[in-house]
Amino acid sequence: SVNPMAYEAQFFGFTPQTCMLRVYIAFQDYLFEMMLVVESVILKKLDGFPNAKISAFQIRKSTEKFLLFMKEHFDKLFGKMEEVLLQLVLNIPKNVLLPEDKVHEQYPYTKEQFQALQDEIDQLQQRYKAEASAGQALLAEIEEQKTVQAELEKILQWFDGLENICRAHGTSNFKESFAFLTQNSKKLQGVLKDVEKKSK
Amino acid sequence: ALDESLAQIKEYITRFTTECQSWDQLLLGYQKSAEEMSRHLEECKTNQGYAEPQNYLGTSQAKVLSSKPDYQKILDDQGEVFTCMELVLDELQQAVKLLQAFAEDGTQYLRGLS
Amino acid sequence: ELIVETTTKRKQWPKKILMHAIQTMKGEQEMLKLYQPIVTPEEIRS
């Protein structure tokens, strides 16, 4: 089955398979290079034997045979090496968390829990705004109360003023003064009647 | 086995492509939120934070605010006091004028008699 | 390429997202601090 080795790719920045492939290609390129070098050395040595019955074409054929032989062995050995490297070196054990994922070790949040937190934050913000608005409303009411209080105090002052005027004119109690005035008027009425009678 | 591997590879390609797109969308979403928030903050600073008030229902002061008296009515009710005082003072003035007139009449009569 | 691209995003995008999320939250906090609801007192007729 295909194993993408994604966690390893997250750590290394490349997939282990790509790494092994590049190592393989490097080895292979080197092998081809070496074969060419070996072939050129043999061809050079062959120049020193003009009577040799071996042609350059045969050398080339042998080189190709040798290359095939080496490649087969190399492929077999590389296969084993790749297996070991992928399992033991370019591998992150199942129990290991990379540093960037450490946060998920102890506090795994579900989508619902995250949404619940978001909702709670939104609610708190709304409540804060509502409380701030209520505070401002209370301050506005205090201003209204001050206005009303000033008006009511004006009324009280008016009554005080009235009382002061009355007192200044010798009348502190309207009821008493009025009763006194009425009594005196009645007395005067009595006196006038008396005088009228005596005059007649 | 090859077909199976190919099918698996195709499935991985689809999954990883979708995941990539999801990551990009998520990042874009948060980026847009941050940009919008910056814009709102600038607007708010321009307005000096002034805003429409929220509903008071459910706040800690809801009871106090909902029991707000009618201050205008309290003041308007004082009008009755003034009306009453006007009537009283009018009556008082009339009564005193009457008594004054009586006093004058009486004085004149006695002067005449004398 | 796709595996590397996806896993790079798994590693790096959360940091960027966190940065934007923090910026958003700080903005929200500041906006709350600046929040000044206007409640005008009612006109009281004398």
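Side chains are part of it too, since the values below use all heavy atoms of this structure and drop only hydrogens, waters and symmetry mates.
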Practice task
Look at A:Ala134, A:Ala132, A:Ser199 and state which one has the largest set of heavy-atom pairs under 4.5 Å with chain B.
Solution key: A:Ala134
Exercise for the section: Sort out for me which of B:Leu92, B:Val81, B:Val64 touches chain A most, counting heavy-atom pairs under 4.5 Å. Expected result: B:Leu92
Practice task
Taking the side chain as every heavy atom from C-beta outward, state whether A:Val148 and B:Gln72 have any pair of such atoms under 4.5 Å apart.
Solution key: no
Problem - Side-chain touch A:Glu131/B:Tyr56, heavy atoms, less than 4.5 angstrom - result: no
Practice task
Measure the shortest side-chain to side-chain distance between B:Tyr12 and A:Asn3 over non-hydrogen atoms and say whether it is less than 4.5 angstrom.
Solution key: no
Handout entry: Interatomic distance, B:Leu113 atom CG to A:Lys198 atom NZ [nearest 0.5 angstrom]
Key = 12.0 Å
Problem - Contact origin within A:Gln136 toward chain B - heavy atom pairs under 4.5 Å - result: neither
Problem - Proximal component of B:Tyr109, with respect to chain A [non-hydrogen, under 4.5 Å] - result: side chain
Problem - Side-chain H-bond candidate by donor/acceptor type, A:Glu141 with B:Tyr71, under 3.5 Å - result: yes
Handout entry: Gap between atom CD of A:Glu196 and atom CG of B:Leu110 - 0.5 Å precision
Key = 10.0 Å
Practice task
Would you give the length of the straight line joining atom CD of A:Glu144 to atom CD1 of B:Ile74, rounded to the nearest 0.5 angstrom?
Solution key: 10.5 Å
Exercise for the section: Indicate yes or no for a side-chain donor-acceptor contact from A:Ser133 to the backbone of B:Gln54 under 3.5 Å, with no hydrogens or angles considered. Expected result: yes
Exercise for the section: For side-chain contact (heavy atoms from CB on, under 4.5 Å), just list the numbers for A:Leu152 and B:Leu75, CA-CA rounded to whole Å, side-chain angles, deciding distance to a tenth of an Å, and then say yes or no. Expected result: CA-CA 8 Å; A:Leu152 291 174; B:Leu75 274 191; 4.1 Å; yes
Exercise for the section: Check A:Ser185 against B:Phe102 and note the closest heavy-atom contact, atom names and distance. Expected result: O-CE2, 3.5 Å
Fill in the blank from the handout: Closest non-hydrogen contact found for A:Ala137 with B:Leu65 is CB-CD2, 3.8 Å
Handout entry: Residue among A:Gly135, A:Ala130, A:Ala6 with most heavy-atom pairs under 4.5 Å to chain B
Key = A:Ala130
Exercise for the section: Check whether any side-chain heavy atom of A:Leu138 sits under 4.5 Å from a side-chain heavy atom of B:Gln61, and report yes or no. Expected result: yes
Handout entry: Straight-line distance of B:Leu99 CG to A:Leu188 CG, nearest 0.5 Å
Key = 10.0 Å
Problem - Within-4.5 Å side-chain heavy-atom neighbours: B:Met85 and A:Leu162 - result: yes
